[in-house]
Number of protein chains: 2
Amino acid sequence: MHVTHTNQSSRRPTVAPMRTLKAFQEEFDLSTKFLCARMFDRHRETIRTQKRHVAVGNLVRITKTTLALSNRTGFHSMSLRDLASESGLSMGALYNYFDSKDTLLLMILGEVAAAVKETLSSPPQALEHDPLNRLRWLLETHVYLTETMQPWFVFAYMEAKAFSREGRELAVRSELATEALIAFALADGEAQSVFVVDDIDLTAAIIKPLLQDWYVKRSKYRRRGVSAEQYVRAITSFVEAALTR
Amino acid sequence: MHVTHTNQSSRRPTVAPMRTLKAFQEEFDLSTKFLCARMFDRHRETIRTQKRHVAVGNLVRITKTTLALSNRTGFHSMSLRDLASESGLSMGALYNYFDSKDTLLLMILGEVAAAVKETLSSPPQALEHDPLNRLRWLLETHVYLTETMQPWFVFAYMEAKAFSREGRELAVRSELATEALIAFALADGEAQSVFVVDDIDLTAAIIKPLLQDWYVKRSKYRRRGVSAEQYVRAITSFVEAALTR
DNA sequence: TATCAAAGATCGAGCGCTCGCTCAGTTTTT
DNA sequence: AAAAACTGAGCGAGCGCTCGATCTTTGATA
């Protein structure tokens, strides 16, 4: 199952063992419940419900339903009546958890941005001076992160621009941060003569869409039976072939 | 201005001269006026206004305003009152050109799909047995096409999924057609030992987002001062490096 | 352990508003 | 003057959001 079909050892000076999706998910708790618990902590002042377990349970239902309905036809065309009936809560109950529809959007966006920041900004110490394997780690971790939180990421990707300045800035900042991490690995690799890169920022910019395609076009890859691990291998070898000449 | 900074001649068996964006735009008329004229011809039965020049002029105003407003906050949150006042037409006049807001969406989507089909499905005869240059031609032409019709493509990309089955299918079909053209060039190149490709469909699938990023994230590249020609060179050398080993 | 009032949480009809869309009346073109 | 094209107030529907009424949970007391 984990056997790579292509022999790429010739282009891989040091091969770090590839993590599986499962291993990633055991390292980082990104369950809806956990994310909604953090959401509760972050929004105590707007959430009227006080008992933690009650609030978290309902936030899970609200979030799951919002992501499901929004990813079908967009956040804007999801009515709060739909959200109420699908989630099993009443209109009034919903407003115990947010003070406006926009706030609900920002709550979800905020957790996505936080998850990105937390997950990607702590690469293993051992990779500090190993740009090739740090790049691999970045690509792999990003794919696994977005695989685990797929509906969240699609939501953030599709809805961010349509809303308040605050929401847009949050999304842009988060995107640029990821690109900066890639660019840093490229620059590092260039300095160490591991990579050959013309324009570091431009190259980082075109690696980004390879990461985004995994969650934006998830159904395309599902239809073709491509697993997260396979996708990681595909883009990793694609990117490395382009960088090592 | 057109000088490439990297010396890549060693990886390019036959170098076809790169077209400029301007040359492309002289070859294909993709002006809003021309596209709206075709839109008029295709929708004579729903458009009540009969005089061609009057109709085309108003379709241009409607389309331009729709694309501008939709790309700001989404088609769904653009009200027809906004569209009326911004385009200078009245509510009633708008309904001389479409019978519902969804029809307006489909009219625009239809022109995008038609432009893709027409532009990409006629590569120069000379490239028929030259997969490397045909791939280059595909990448270049796609970037130039989407550069010329940028707001149209962003619209199609962002709005298609949120609407009727008809609209979604149109978008999916158009996407798959493009991917098939890429895959065909890859398969051809593999057969001729010009490319080394593991999984043709998967590789074609991950080349696609490189093309889409140009118009979806246009502002990012504008901010960085990347021209269409530069972007073509960047993704072309990136892709070729990954395919030729 | 059973009781019950206070506190916590939920309910959903109703408010004001904006939406997509229409059509009788008016203006412009032929 | 007939035909073509445009106008915009008005319709019903559905929206986000509110709030008094109601149900549920809690914990001090007997």
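From a predicted model like this one, the values you see are computed outputs, not experimental measurements. Proteins come first, then strands; the chains are lettered A, B, ... in the order of their sequence lines, and each starts at number 1.
Here B/R218 pairs with B/E147 under the salt bridge (charged side-chain N to carboxylate O under 4.0 Å, His left out) rule; sequence neighbours left out. Residues passing the side-chain contact (heavy atoms from CB on, under 4.5 Å) test with B/A171 are B/A160, sequence neighbours excluded. Applying the side chain to side chain donor-acceptor pair (under 3.5 Å) criterion to A/R168, with sequence neighbours excluded, gives no partner residue. With sequence neighbours left out, the salt bridge (charged side-chain N to carboxylate O under 4.0 Å, His left out) criterion links B/R52 to B/D41. With sequence neighbours left out, the salt bridge (charged side-chain N to carboxylate O under 4.0 Å, His left out) criterion links B/R224 to A/E179. Under the side chain to side chain donor-acceptor pair (under 3.5 Å) criterion, B/D213 pairs with B/Y221, not counting sequence neighbours. Every side chain to side chain donor-acceptor pair (under 3.5 Å) that A/R48 has, sequence neighbours left out, goes to A/N96. Residues forming a salt bridge (charged side-chain N to carboxylate O under 4.0 Å, His left out) with A/R42 (at least two apart in sequence, or on another chain): A/E111.
Annotation: proximity of residues 85-99 of chain B to DNA chain D (heavy atom, distance under 4.0 Å) is found for B/L89, B/S90, B/M91, B/G92, B/A93, B/N96, B/Y97, numbered in ascending order. Of the residues in residues 33-71 of chain A, those placing a heavy atom less than 4.0 Å from an atom of DNA chain D are A/K51, in numerical order.
A side-chain donor from one of B/T141 and B/R19 sits under 3.5 Å from a side-chain acceptor of the other.
Taking the 5' to 3' direction, DNA chain C first and last meets chain B under 4.0 angstrom from a heavy atom at C/dC19 to C/dT30.
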Hey, can you pull the donor-acceptor pairs under 3.5 Å for the side chains in residues 97-108 of chain A, sequence neighbours left out?
| unit_1 | atom_1 | unit_2 | atom_2 | d |
| --- | --- | --- | --- | --- |
| A/Y97 | OH | A/T49 | OG1 | 3.2 |
| A/Y97 | OH | A/N58 | ND2 | 2.8 |
| A/D99 | OD1 | A/T103 | OG1 | 2.6 |
| A/S100 | OG | A/D102 | N | 3.4 |
| A/S100 | OG | A/T103 | N | 3.2 |
| A/S100 | OG | A/T103 | OG1 | 3.1 |
| A/K101 | NZ | A/F75 | O | 3.0 |
| A/K101 | NZ | A/H76 | O | 3.2 |
| A/K101 | NZ | A/M78 | O | 2.8 |

